[in-house]
Amino acid sequence: MASYYGFDVGGSKIALGVYNARLEQVWQQRVPTPQAYDELLGTLCALTHEADARCGERGSVGVGVPGLPVPDDGTLFTANIPAARGRTLQADLSQRLGREVRIDNDANCFTLSEAWDEAFRAYPVVMGLILGTGVGGGLIVNGSPVTGRNYITGEFGHMRLPVDALEVLGRDVTQPLCGCGKRGCIESWLSGPGFSRLWQHHYHHALSAPEIITRYYQGDAQAIAHTGRYQELLAVCLGNLLTLVDPHLVVLGGGLSNFDALYEGLAERVKPHLLPVARLPRFEKARHGDAGGMRGAAFLHVKD
């Protein structure tokens, strides 16, 4: 028997998913995120012990966070969980629980969750791309996350815009300041706010992403043209990412991934931006939605 516990720790809530040896969810729980560090540790420990009692064994524990574990000193860099910022969460929780706790950023957990979906397990290299408030992602190779030197593998949103993107945006476009402090980031144009920014850049008035999508389904000509323009920008950026990573499968998540029109003709738009010999990966919408964070955190132990 084996039980896998996955915590998705966010700024307002902690979600716990418990999975059996067949990777099926058998229990879940959600509680508010404590604002003090000792209370945070206590809550995580209490939920783990409750899961142990339900499963009749000591399960493995994985934690996904909206941030980056710092490899050199084991501290956590996170803006959304003030109680854990700069703390050695992995080491402290491992000590309290008397078992190895594994921790990774939530984008890697999202991608790992998708890579372990029954329909996707056959793919050796899986790239996750999150198109939401920001642009992030992860890379899974043979069922395990690739974290890199600084746990920033998959931070695709902070790569520079390819030169071909300026054919879509215009070569004199003003690049907004990204949240990372730099200009010219992919995130500034491919995120949900970027989707709206692209509209305003071309039509000189503001609309939210949901408003634009509503207009698209109403047959609005500007919204249809805008969607094609965004698809082309996405294809240009994917051309660089796919040449670098060469995945077998690309899974799209985040709010914009639910806009089904983005997938129409996407492969055909991407192909001209790849090497002539390159074969396209499979493109899919994420299967597990909000559960992806806790699923992926739980599966940080699965390869064992």
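Everything quoted here is computed from the prediction, not taken from an experiment. Numbers here are sequence positions counted from 1.
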So, [X] side chain and [Y] main chain: donor-acceptor pair closer than 3.5 Å or not?
{"X": "Arg229", "Y": "Trp199", "result": "no"}
{"X": "Gln200", "Y": "Leu198", "result": "no"}
{"X": "Arg183", "Y": "Gln175", "result": "yes"}
{"X": "His205", "Y": "Tyr203", "result": "yes"}
{"X": "Asn150", "Y": "Ile152", "result": "no"}
{"X": "Ser3", "Y": "Cys55", "result": "no"}
{"X": "Arg121", "Y": "Trp116", "result": "yes"}
{"X": "Ser191", "Y": "Gly134", "result": "no"}

**OP:** Can you tell me which residue pairs pass the salt bridge (Lys or Arg N to Asp or Glu O under 4.0 Å) test with a partner in residues 141-158, sequence neighbours excluded?
**Re:** Asp72-Arg149

Subject >> Pairwise salt bridge (Lys or Arg N to Asp or Glu O under 4.0 Å) hits with a residue in residues 184-198, at least two apart >> reply: none

Original post:
Any salt bridge between Arg87 and Asp38, counting N to O under 4.0 Å?
Top reply: no

Looking only at side chains, do [X] and [Y] share a donor and an acceptor under 3.5 Å apart?
{"X": "Ser208", "Y": "Glu211", "result": "yes"}
{"X": "Asn80", "Y": "Thr78", "result": "no"}
{"X": "Glu100", "Y": "Ser94", "result": "no"}
{"X": "His226", "Y": "Gln231", "result": "no"}

Original post:
Rounded to the nearest 0.5 Å, how far does CZ of Arg58 lie from NE2 of His49?
Top reply: 8.0 Å

Just so I know, are the side chains of [X] and [Y] near enough to count as touching, which here means a heavy-atom distance under 4.5 Å?
{"X": "Arg54", "Y": "Glu50", "result": "yes"}
{"X": "Pro145", "Y": "Leu300", "result": "yes"}
{"X": "Leu190", "Y": "Cys237", "result": "yes"}

Subject >> Cluster check Val251, Ile186: I/L/V/M/F/W/Y, side chain < 4.5 angstrom >> reply: no

Original post:
For the rings on Phe299 and Tyr19, is their centre-to-centre separation under 6.0 Å?
Top reply: yes

Original post:
Can we call the ring centroids of Phe259 and Tyr230 under 6.0 Å apart?
Top reply: no

**OP:** Go through the steps to decide whether Arg215 and Leu207 satisfy the test side-chain contact (heavy atoms from CB on, under 4.5 Å), and finish with yes or no.
**Re:** CA-CA 10 Å; Arg215 288 193 178 197; Leu207 283 180; 3.6 Å; yes

Indicate the atoms forming the closest heavy-atom contact of [X] with [Y], along with that distance.
{"X": "Gly143", "Y": "Leu112", "result": "O-CD1, 3.3 Å"}
{"X": "Cys109", "Y": "Gly293", "result": "CB-O, 3.6 Å"}
{"X": "Gly157", "Y": "Cys185", "result": "O-CB, 3.4 Å"}
{"X": "Gly253", "Y": "Ala286", "result": "CA-CB, 4.2 Å"}
{"X": "Leu252", "Y": "Phe110", "result": "C-CZ, 4.2 Å"}

Subject >> side-chain contact (heavy atoms from CB on, under 4.5 Å) partners of Asp246, counting only residues at least two apart >> reply: none

Subject >> ILVMFWY clustering at 4.5 Å (side-chain atoms), partners of Val63 >> reply: Tyr5, Phe7, Val9, Ile14, Leu16, Val18, Val26, Trp27, Val31, Tyr37, Leu40, Leu41, Leu44, Leu47, Val61, Val65, Leu76, Ile81, Leu89, Leu93, Leu97, Val101, Ile103

Original post:
How does the hydrophobic cluster around Val163 look, that is, which other residues are in it when side-chain heavy atoms under 4.5 Å mark a link?
Top reply: none

**OP:** Report the C-alpha distance between Ser257 and Tyr263 in whole Å, list the side-chain angles of each, state the deciding distance to 0.1 Å, and finish with yes or no for side-chain contact (heavy atoms from CB on, under 4.5 Å).
**Re:** CA-CA 9 Å; Ser257 73; Tyr263 301 88; 3.5 Å; yes

**OP:** For residues 281-293, pull every pair meeting side chain to side chain donor-acceptor pair (under 3.5 Å), keeping only residues two or more places apart or in separate chains.
**Re:** Asp117-His288, Tyr123-Arg282, Asp260-Lys285, Arg282-Glu284, His288-Arg295

